[in-house]
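Notes for the one structure printed next.
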Amino acid sequence: MASPADPVWQRTFRRDACIDPRVPSAMAACDRRGTACGHWVRHAGQVLRWRAATGRCELSESEGSEVRTPSFPAYRHTVGAMIRHAAATRGDREFVILDQERLTYADAGERSAEFASGLLAAGVRKGTRIGLLAPNGPDWVVAWLAISRIGAVAVLFSTYAKPRELGRDLRLADVAGLLIVGEHLDNDYIARLEEAVPGMEGSIPGAIRCPGHPALRSVHVWGDRVPDWATPVGVGIVDRAGDVPDEALVAAEADVDPADPAVVIFTSGSTSDPKAVVHTQGTVVRHPHNLGQFRDLGPDSRMYTPMPLFWVGGLAYTLIGAIHAGSAVVFEERFEPGATVRLLERERITHLTGWPHMGKALAEHPDYPSTDLSSIRSSGLPDLLPPGLRPADPGLRANSLGMTETFGPHSMEDRSVDWPESKRGTYGRAVPGVEHRIVDPTTGEDLPAGEMGEVWVRGYSLMDGLLGVERSEALTADGWLRTGDGGRLDEDGHLYFRGRLGEVIKSAGTNVTPREVELALEELPEVMHAFVMGIPHPDRGEDVAAALVLRPGAEAEPDELRAAVKEALSTYKVPRHLALFATPRDLPWLESGKIDRRAVQRLLVEEFVEQ
């Protein structure tokens with residue numbers, strides 16, 4: 001049997017490959033779910049061995065001192081080069097699917113080139129900031145590719161944004177042109193934009209003049225309803241592509257550099273206003289490719305996600321990850337558990353991503369047991385995996401930690417690997433090319449392994465900056481990002497996340513991490529979601545309180561739940577106050593899909609604090 005010290009271990013493999021020297025070809029595929037037994041493999045920079053007894057790959061007894069190296073594309077790191085490469089190598093494969101509309105990679109290449117030429121005809125140039133406000137689907141994907149191909153900057157707007165938020169973000173990003181869907185589902189985005197930008201009525205298409213938004217000049221609309229101050233996307237952009245010679249598009253694309261800004265993504269925590277995060281062409285291309293070494297995506301993969309493309313999870317981890325692998329991405333107009341379950345079956349989905357509450361809603365739907373979802377082979381939602389692929393102990397599978405400022409995960413491991421008990425709760429090691437530090441948030445000094453502090457991140461995937469914020473305020477002088485996350489590193493570099501530092505509850509002289517209490521509460525069979533926070537107390541400083549959403553059909557009393565969770569938590573961590581809610585809709589949520597923690601805290605204060 002080969003050992004980590006042998007030269008063969010030093011090879012770098014893009015996919016699983018058997019490296020047992022007794023196998024005729026060192027590149028022979030190792031069937032991770034088949035009959036191969038005892039083969040040593042290197043996958044995602046880790047030494048694994050197939051275990052016939054468990055039917056999965058596990059960490060070997062000897063992990064060696066493997067080197068995790070970045071994996072970047074061989075072509076130029078721009079979005080234009082990326083989509084041209086995908087169209088040339090996987091042109092006939094399906095790329096984007098929404099209902100009956102199906103886009104191949106060749107289609108995406110051709111349509112985005114046509115759209116890019118139309119943008120050039122409309123006066124868009126390298127560096128022009130173009131807003132994009134539309135739901136997931138082929139139109140969004142083609143428009144984003146086109147904007148990026150010519151070096152314009154795509155400013156991604158949330159379809160959940162209310163008029164005040166939309167107006168604020170348009171002004172912050174100095175958007176010159178906006179591509180917007182007129183109506184979608186029950187939302188009237190034309191009316192929303194008119195309220196967000198006073199003075200639109202009476203403006204001339206292509207020559208908008210609104211004092212509160214001095215950069216805005218044009219609005220192009222998808223749909224039948226187009227106001228007098230806007231232009232249809234077809235007439236104003238696509239139909240004008242013929243006005244631009246092919247060589248002009250080639251020249252525009254050639255002028256785009258990996259260092260050029262590519263995208264602005266708005267991110268909001270649950271306690272602060274959004275930040276406008278800027279990422280470059282190079283980061284947009286490199287980071288999802290690098291993450292691919294930890295995933296089993298390929299040309300036969302079919303991904304489903306309800307995650308919006310205007311956030312980093314949908315854009316980087318799903319869409320661009322799919323482009324690098326040649327996979328298909330399946331969208332739907334609206335998440336509805338019954339319809340979604342049938343869509344997963346019909347499209348033979350292999351990879352499924354989403355938020356935990358969506359996974360629970362699917363698994364608990366009456367149609368779920370009778371639906372054939374055997375095609376699913378990877379999901380961050382274990383309940384949706386076929387029984388043979390579900391982890392025996394999810395706590396021994398690595399999670400990952402990321403943020404918009406790092407264009408997705410900055411820590412990651414292969415999620416199919418079962419780690420030893422000593423690694424329970426790991427969020428993995430730093431993605432190759434990225435560094436972690438744990439720092440005392442007060443003194444700024446590095447902390448030793450095992451000690452809790454603030455997680456700092458540095459590396460190639462960091463944002464180029466924040467709009468309206470000095471770089472010195474966003475990053476340290478030597479390029480570190482202060483994440484505001486609390487965590488620790490072990491001796492092997494594994495990261496353990498403990499929650500946001502600003503959310504630590506200080507009660508009677510002790511510190512309580514809300515996320516630890518939330519996890520314990522969510523282990524109770526009656527509890528679907530738990531949101532823990534501190535509320536004022538005149539003597540103790542703060543009391544631990546929680547808002548709980550019960551599972552459908554569950555009944556419980558606060559005292560019973562407190563008694564049950566006391567079995568898992570120290571007494572001082574047990575919430576003194578519990579507020580029970582029947583459904584998630586009974587609680588306030590932000591447009592980002594995150595719980596509005598400030599609003600929940602106000603509810604708890606009103607309920608339990610004596611005025």
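In this text, all values refer to a predicted model and were calculated from it rather than measured experimentally.
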Practice task
Just say parallel, tilted or perpendicular for the rings of H324 and H289, cut-offs at 30° and 60°.
Solution key: perpendicular

Exercise for the section: Over 60° means perpendicular and under 30° means parallel, so classify the ring planes of Y75 and H77, tilted if in between. Expected result: perpendicular

Between [X] and [Y], what is the shortest heavy-atom contact and its length?
X	Y	result
V141	L309	CG2-CD1, 4.0 Å
L466	A474	CD1-CB, 4.1 Å
A328	I97	CB-CD1, 4.4 Å
V175	G177	CG1-O, 3.1 Å
A154	I147	N-CG2, 3.7 Å
E473	V469	CB-CG1, 3.8 Å

NZ/NE/NH1/NH2 to OD/OE distance under 4.0 Å, [X] and [Y]:
X	Y	value
D139	R111	yes
K423	E413	no
R76	D257	yes
D296	R415	no

Practice task
Test side-chain contact (heavy atoms from CB on, under 4.5 Å) on L344 and L352 and set out the steps.
Solution key: CA-CA 9 Å; L344 301 180; L352 190 151; 3.3 Å; yes

Practice task
Quickly, which of F310, F266, W311 forms a ring-ring contact (aromatic ring centres under 6.0 Å, His included) with F157? Name it, please.
Solution key: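 Considering F310, F266, W311, a ring-ring contact (aromatic ring centres under 6.0 Å, His included) with F157 is found only for F266.
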
Handout entry: Over-ring placement of R488 relative to F497, 6.0 Å and 45° cut-offs
Key =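 Here R488 fails the 6.0 Å and 45° test against F497.
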
Practice task
Would you kindly check if the NZ (Lys) or CZ (Arg) of R437 is within the cone defined by 45 degrees around the ring axis of W480 and under 6.0 Å from the six-membered ring centre?
Solution key: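 Yes, R437 lies over the aromatic ring of W480.
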
Problem - CA sep, side-chain torsions, deciding dist, call: R149, S112, side-chain hydrogen bond (donor to acceptor under 3.5 Å, both in side chains) - result: CA-CA 8 Å; R149 289 182 74 148; S112 63; 2.9 Å; yes

Practice task
Determine, stepwise, if the pair V264 / L156 fulfils side-chain contact (heavy atoms from CB on, under 4.5 Å).
Solution key: CA-CA 6 Å; V264 175; L156 310 185; over 6 Å; no

How about [X] and [Y]: does a side-chain donor come under 3.5 Å of a side-chain acceptor?
X	Y	answer
R295	S301	no
T353	T305	yes
Y105	D92	no

Output side-chain donor-acceptor pairs under 3.5 Å for residues 447-458, partner residues at least two apart or in another chain, one line each.
unit_1 : atom_1 : unit_2 : atom_2 : d
E454   : OE1    : W456   : NE1    : 3.2
E454   : OE2    : G484   : N      : 2.9
R458   : NE     : E435   : OE2    : 3.0
R458   : NH1    : D478   : O      : 3.0
R458   : NH2    : E435   : OE1    : 3.4
R458   : NH2    : E435   : OE2    : 3.1

Handout entry: Chi angles and distances behind the side-chain contact (heavy atoms from CB on, under 4.5 Å) call for V153, T128
Key = CA-CA 6 Å; V153 180; T128 304; over 6 Å; no

Practice task
Evaluate the criterion side-chain hydrogen bond (donor to acceptor under 3.5 Å, both in side chains) for residue pair Y460 and H287; output intermediate values, then yes/no.
Solution key: CA-CA 8 Å; Y460 74 92; H287 194 50; 2.5 Å; yes

Exercise for the section: For side-chain contact (heavy atoms from CB on, under 4.5 Å), just list the numbers for L481 and M403, CA-CA rounded to whole Å, side-chain angles, deciding distance to a tenth of an Å, and then say yes or no. Expected result: CA-CA 11 Å; L481 172 69; M403 55 201 313; 3.9 Å; yes

Exercise for the section: Can you measure from OG (S378) to CG (L385) and round to the nearest 0.5 angstrom? Expected result: 7.0 Å

Handout entry: Single hit among T404, V277, T283, T406 for side chain to side chain contact (heavy atoms under 4.5 Å, CB included) with M463
Key =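 Option passing the side chain to side chain contact (heavy atoms under 4.5 Å, CB included) with M463: V277.
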
Problem - Polar side-chain atom of Q281 near backbone of V256 as donor-acceptor pair, under 3.5 Å - result: no

